[in-house]
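First up is the structure itself, then whatever we jot down about it.
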Amino acid sequence: MKLVTCGLPYANGKLHIGHLRTYVPADVYVRFLRMAGEKVVFICGSDCHGTPIVVNAEKEGVKPQELVDKYHDHFQRVFKALSINFDFFGKTTENYHHERTREFVKKLAENGYIYKKEIELAYCEKCNRFLPDRYVEGICPYCKTPARGDECDQGCGRHLEPGEILDPKCKICGSKAVFRKQTHYFFNLSAFQEFLREYLSKLSGTENALNYAREWVGNLRDWCITRNLEWGVRFPLDESLVLYVWVDAPIGYISFTERATDEWKKIWLEGKAEIVHFIGLDIAYHHCIFWPAMLKGANYSLPSAIVASGMVKIEGKTFSKSRGYVVWVEDEYLKSGFNPDYLRYYIVNYTSHDKDLNFSWDVFRDKVNNEVIATLGNFLFRILSFAWKNFGKVQMEVDGEILAEIEKAKDKILNSIRKWEFKTASDAVMELASFGNVYFQNSKAWELLKSDRARAMKAVANCLQIAKALVILCYPIMPKSMEKVAEAMGLKLSSCSLDDVLKVDEVVELKKPELPFKKIESEDIEPLKRVLLSRFSGRTSSEVTLEDFKKLDLRVGKVVSAERVEGSKKLMKLLVDIGEENRQIVAGIAENYSPEELNGKLVVVLANLKPARLMGVESRGMILAADVDGKPVLLVPDREVKPGERIK
RNA sequence: GCCGAGGUAGCCUAGCUGGUUGGGGCGGCAGACUCAUAAUCUGCAGGUCGCGGGUUCAAAUCCCGCCCUCGGCACCA
């Protein structure tokens with residue numbers, strides 16, 4: 001028995017193609033294994049707790065539960081449309097999940113892995129509450145950059161434990177926060193170092209995740225697992241606290257399994273099943289470090305494989321919701337009326353599972369038209385309609401070499417799937433379709449029809465066997481489309497196994513076949529490309545008034561001196577003559593400009609930008625530059641201009 | 001900075017436990033065919049396998065150095 005899970009989607013936003021990179025291959029994996037006769041439980045669910053959901057709900061003026069329910073419904077709708085069929089899709093706000101989580105945490109405590117510690121936490125006296133996680137802004141104690149309460153998100157990127165941040169301010173009201181002592185609870189992660197090292201050396205999965213984890217395991221710190229928040233699972237040892245969202249979320253794998261099957265104990269307590277987690281690389285840390293340690297500490301079974309998908313790029317650009325490099329599954333893909341199977345194929349076939357996948361509408365159109373339709377769809381349709389038109393019923397007599405070819409494809413596909421090599425598997429399907437096309441072409445059945453009907457029928461029988469194999473082998477990848485084709489040849493796919501590809505029926509009776517796929521015309525993707533382009537160019541949707549613009553003190557400046565900021569690869573410290581003074585400005589251009597070439601250069605300066613400290617260096621202003629694929633290109637005046645001239 | 005992945009024809013990509021002429025796909029060009037959604041089939045053109053050394057009878061494949069790209073560096077999807 002196998003349990004297959006997918007990383008839980010976080011219920012504060014809609015699904016985009018990046019999410020599908022995990023869910024589609026997992027679904028394909030499960031479908032193949034089932035057709036190979038394996039018993040598989042496949043579960044997932046919405047991750048509903050945590051600060052961002054509370055903040056977003058506040059912003060939208062709804063209760064967290066309403067927000068969560070909205071996205072939960074959205075997830076289920078999209079998964080259904082894409083034929084991603086979980087046995088159970090749960091929600092971490094449900095009672096059963098809270099109960100399982102509390103039981104789990106109690107067990108951790110009983111086993112001595114939770115301890116309490118007094119820490120200094122930021123408290124806002126105006127809002128009258130402690131400021132957890134992202135409610136607090138301040139300065140990173142390591143690199144002195146402005147940072148969020150839980151992470152130095154602009155500077156060194158370090159994780160900040162609660163209370164570590166310097167000069168904290170309340171993000172809600174902006175007032176200065178004070179430190180107050182507060183008792184919180186920690187998970188003794190460092191006690192698991194040796195266990196994890198050993199465990200990770202045996203853990204199966206994709207190399208990308210395992211390599212990271214092996215690096216991380218050398219530097220483990222205990223983990224604060226409670227928060228001052230109302231929204232979440234109550235911490236059993238102190239009901240005034242709530243568990244950190246990353247504690248309860250993975251426990252969803254257990255609580256959802258409980259709902260999916262009454263054999264859950266075999267899986268999670270008795271170690272009688274393989275547990276395979278499909279995740280995005282971004283959450284490898286949680287699944288390779290925190291999660292096994294938690295399971296070990298609470299006497300549960302351990303995962304046998306972590307399968308991490310690579311990143312998704314959009315039109316060659318690094319995926320970024322804020323920059324607009326994103327494709328929304330429901331609003332953009334599905335609403336445009338494309339066959340969901342096309343997207344499944346694209347995701348599975350573009351490249352290896354652990355490499356970056358580039359989503360481009362042009363490539364999408366080409367892959368669908370050339371591979372799915374011209375190679376696979378065309379073979380299926382040409383042979384089915386040829387057989388139907390000329391014979392109606394076909395006496396099945398299949399050559400050994402045809403069966404051998406089919407068996408070769410089947411073996412290659414199944415072996416690849418077991419190794420999470422979805423591209424190799426789907427390529428093998430296309431190769432078999434291509435083989436079918438060559439075979440039929442060479443048979444010249446349409447000529448034989450006039451001279452030797454019996455031989456023509458033999459050729460058709462061989463092709464029908466190939467078609468049957470294709471429909472079965474492709475079913476896990478493009479289920480809806482294959483069901484349609486199978487119907488025309490009287491095949492019930494839902495009850496087929498992979499071995500059926502080699503079973504030869506006595507007679508095949510054809511129905512009139514329909515075109516299995518609709519081509520993608522360039523006009524179909526033009527609007528989608530335009531949507532992306534308009535977002536790429538970074539246009540802000542709201543208009544500004546001239547008054548708004550006048551608030552900006554833009555002027556020409558002349559670089560007086562430039563030097564790199566020590567310890568930083570991006571930052572350059574500049575002294576810029578802006579007319580009445582020489583201004584110190586820190587700019588992130590050191591990777592693309594040298595101090596020498598900057599010296600004496602005329603630049604455009606935003607002079608009244610709120611001062612900031614970057615890497616401990618004060619910056620009062622900003623140098624304007626074009627963002628060309630993430631690299632700055634400085635804006636310079638067309639002619640020699642006096643420093644200080646206003647820009648209108 | 002440290003760590004990881006990668007640099008193969010216009011584009012994508014296989015090969016990388018060293019060994020017959022570096023495979024495949026897209027795009028391009030030329031034919032063939034008409035059962036098929038101008039689909040299919042055959043053939044052709046196109047490569048200093050990032051750069052420089054080294055090991056070897058033999059290197060895209062192993063070793064060393066360098067350059068470039070992308071990603072990770074703990075709660076950001």
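Residue numbering restarts at 1 for every chain, and letters A, B, ... go by the order of the sequence lines. Bear in mind the structure is a predicted one, so any value in this text is a computation, not a measurement.
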Are there any protein N/O atoms within less than 3.5 Å of an N/O atom in nucleotides 14-17 of chain B, and if so, which ones and at what distance?
residue: B:A14; atom: OP1; partner: A:Lys355; partner atom: NZ; Å: 2.9

Would you call A:Glu431-A:Lys412 a salt bridge at under 4.0 Å N-O?
yes
Positions of residues 437-458 of chain A (non-hydrogen atom under 4.0 Å from RNA chain B), listed by number
A:Asn437, A:Val438, A:Phe440, A:Gln441, A:Trp446
If we take the P atom in both B:C44 and B:U8, what is their distance in whole Å?
25 Å
Let's see if you can work this out: which of [options] has an atom nearest to the side-chain heavy atoms of [X]?
X: A:Ser434; options: B:U37, B:C41, B:A77; value: B:C41
X: A:Ser385; options: B:C35, B:G25, B:A77; value: B:C35
X: A:Arg382; options: B:G27, B:U37, B:U40; value: B:U40
X: A:Trp216; options: B:C35, B:G72, B:U37; value: B:G72

Using a heavy-atom cut-off of 4.0 Å across all strands, would you classify A:Lys389 as base, sugar-phosphate, or nothing?
sugar-phosphate
Checking all strands, does A:Leu220 fall into the base, sugar-phosphate, or nothing category for heavy-atom contacts under 4.0 angstrom?
base
Any donor-acceptor pair under 3.5 Å from A:Thr375 side chain to A:Asn370 backbone
yes
Protein-nucleotide distance (A:Leu281, atom CG; B:C3, atom P), rounded to Å
19 Å
Atom CG of A:Leu380 and atom C1' of B:C35 are separated, to the nearest Å, by 14 Å
Euclidean distance, A:Leu380 CG relative to A:Phe517 CZ, rounded to 0.5 Å
7.0 Å
About how many Å separate CE of A:Met294 and CH2 of A:Trp223, when rounded to the nearest 0.5 Å?
5.5 Å
Name the residue closer to the 5' end of RNA chain B, choosing between A:Tyr350 and A:Glu371 according to the nucleotide with the nearest heavy atom.
A:Tyr350
Taking a pair to mean Watson-Crick or G-U wobble geometry with both distances below 3.5 Å, B:A5 pairs with B:U69
Does the side chain of A:Thr206 pick up a donor-acceptor pair with the side chain of A:Asp354 at under 3.5 Å?
no
